Amino acid sequence: MAGVSDKIFRQLCKEYGADVLTTEFVSAEGIFRRNERTREYLDFDEIERPIGVQLFGADAEHMAEAARQVVDWVRPDFIDLNFGCPVNKVVAKNGGSALLKDCPALATVAAAVVRAVAPLPVTAKIRIGWDADSVNAARVARILVDAGIAAITVHGRTRAQGYAGAADWEVIGEVAGSVPIPAGAMIGRAAMGTPWIFSQTKHYLATGEIIEPPHLPERWSLILRHCHLAVQEWGAEEAAIRSMRARLMAYSRAMPDAKRLREKFSHVSTLAEVETIAEGNIFNSDNRTSDEQEIPALVAS
């Protein structure tokens, strides 16, 4: 969720029912070396609590020291360790899901961070394995619990799958049944264009009923509010709206005539341009697209 789950988006998700939040993942090496730009990723508001800072890295000593510095700087409610990222530039440095291939190193990193920030809870995110031939999530989960990890998120795909293909819910169930820690649901990429998925999901879990997504006027209101908040945060309208282009295109995916909207959003640079697009589309169609008929698939991230 790098570049997505900044504090504005997190707060919108919380309004729609997200109970616990995590920051964008942050390089432990950047924190260890006191890189100021890296420190900016740690910014959050008190309204976001409970919130965790998510770290990635492979050097146990540096990860532990980075976690200590994070606790001193921003006082999060927990530290989250990313052992699931499939991105090449992270994996190439033995970070993210690369540690699923090296369980001793993974255990050393986890235990070092747990010791460094105790009694603050430490959680971890994993995938089910490196590839289809090395699915080891249940084993990894037990190792993490032995290291003192308080909660584990399982992305039901291998690193080789990336974000494609079906998630393996059987392996997720196996992990949940093999460790003595509480179970929950984490939603990541599915929330990028549909932050209301949290309220939909909570309603479904409580009642078994699938509720409809917000109607178009509410969605456009959310989009415009997101843009205005981004401009306020950046203090520079053009830079803020340009930074919102990918976010706007994500919002468009569940809307009528999504392809045309994405084309328009790819060129916006001002609030006025976004408002003009909204005015032209808010009452443009009363019909829902087919992907609005059900809740998008939950994706742990």
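Note that the numbering runs from 1 along the sequence shown for the chain. Being a predicted model, the structure only gives us computed values, none of them experimental.
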Extract all donor-acceptor atom pairs below 3.5 Å that involve side chains of residues 57-66 and protein atoms in other chains or at least two apart in sequence.
unit_1	atom_1	unit_2	atom_2	d
D59	OD1	E61	N	3.0
D59	OD1	H62	N	2.9
H62	ND1	E29	OE1	3.0
H62	ND1	E29	OE2	2.8
E65	OE1	R68	NE	3.1
E65	OE1	R68	NH2	3.1
E65	OE2	Q69	NE2	3.3

Could you list the donor-acceptor pairs under 3.5 angstrom formed by side chains in residues 94-118, with sequence neighbours left out?
unit_1	atom_1	unit_2	atom_2	d
S97	OG	C85	O	2.9
D102	OD1	A105	N	3.2
T108	OG1	P104	O	2.9

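Figure legend: R10 and F44 shown without cation-pi pairing, the cationic atom not lying both under 6.0 angstrom from the six-membered ring centre and within 45 degrees of its axis.
The backbone N or O of T270 sits nowhere less than 3.5 Å from a side-chain atom of E237 that would complete a donor-acceptor pair. With hydrogens and angles disregarded, a donor-acceptor distance shorter than 3.5 Å links the side chain of R247 to the backbone of M192. Remark: side-chain polar atoms of S27 are paired, donor with acceptor, to backbone N or O of G30 under 3.5 angstrom. Side chain of R127 to backbone of G84: a donor-acceptor contact under 3.5 angstrom is found. Side-chain atoms of R34 never come within 3.5 Å of backbone atoms of R39 as a donor-acceptor pair (strictly under, hydrogens ignored).
Side-chain polar atoms of E48 and Q11 form a donor-acceptor pair below 3.5 angstrom.
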Set out, in order, the CA-CA distance, both residues' side-chain angles and the distance that settles side-chain contact (heavy atoms from CB on, under 4.5 Å) for L55 and I79, then state yes or no.
CA-CA 7 Å; L55 300 177; I79 296 293; 4.0 Å; yes

Please lay out, stage by stage, how D45 and K7 fare under the test salt bridge (charged side-chain N to carboxylate O under 4.0 Å, His left out).
CA-CA 7 Å; D45 294 335; K7 71 176 183 180; 3.3 Å; yes

Would R242 and E238 count as a salt bridge (charged side-chain N to carboxylate O under 4.0 Å, His left out) if you check the C-alpha gap in whole Å, the side-chain angles of each, and the deciding distance to 0.1 Å?
CA-CA 6 Å; R242 286 179 179 274; E238 184 171 344; 3.1 Å; yes

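The number of heavy atoms from other shown groups lying within 6.0 Å of CD1 (I47) does not exceed 12.
The aromatic rings of W196 and Y16 stand perpendicular to each other, their planes meeting at an angle above 60°, with 30° marking the opposite boundary.
If you chain together hydrophobic residues whose side chains sit under 4.5 Å apart, F9 and W220 fall into the same group.
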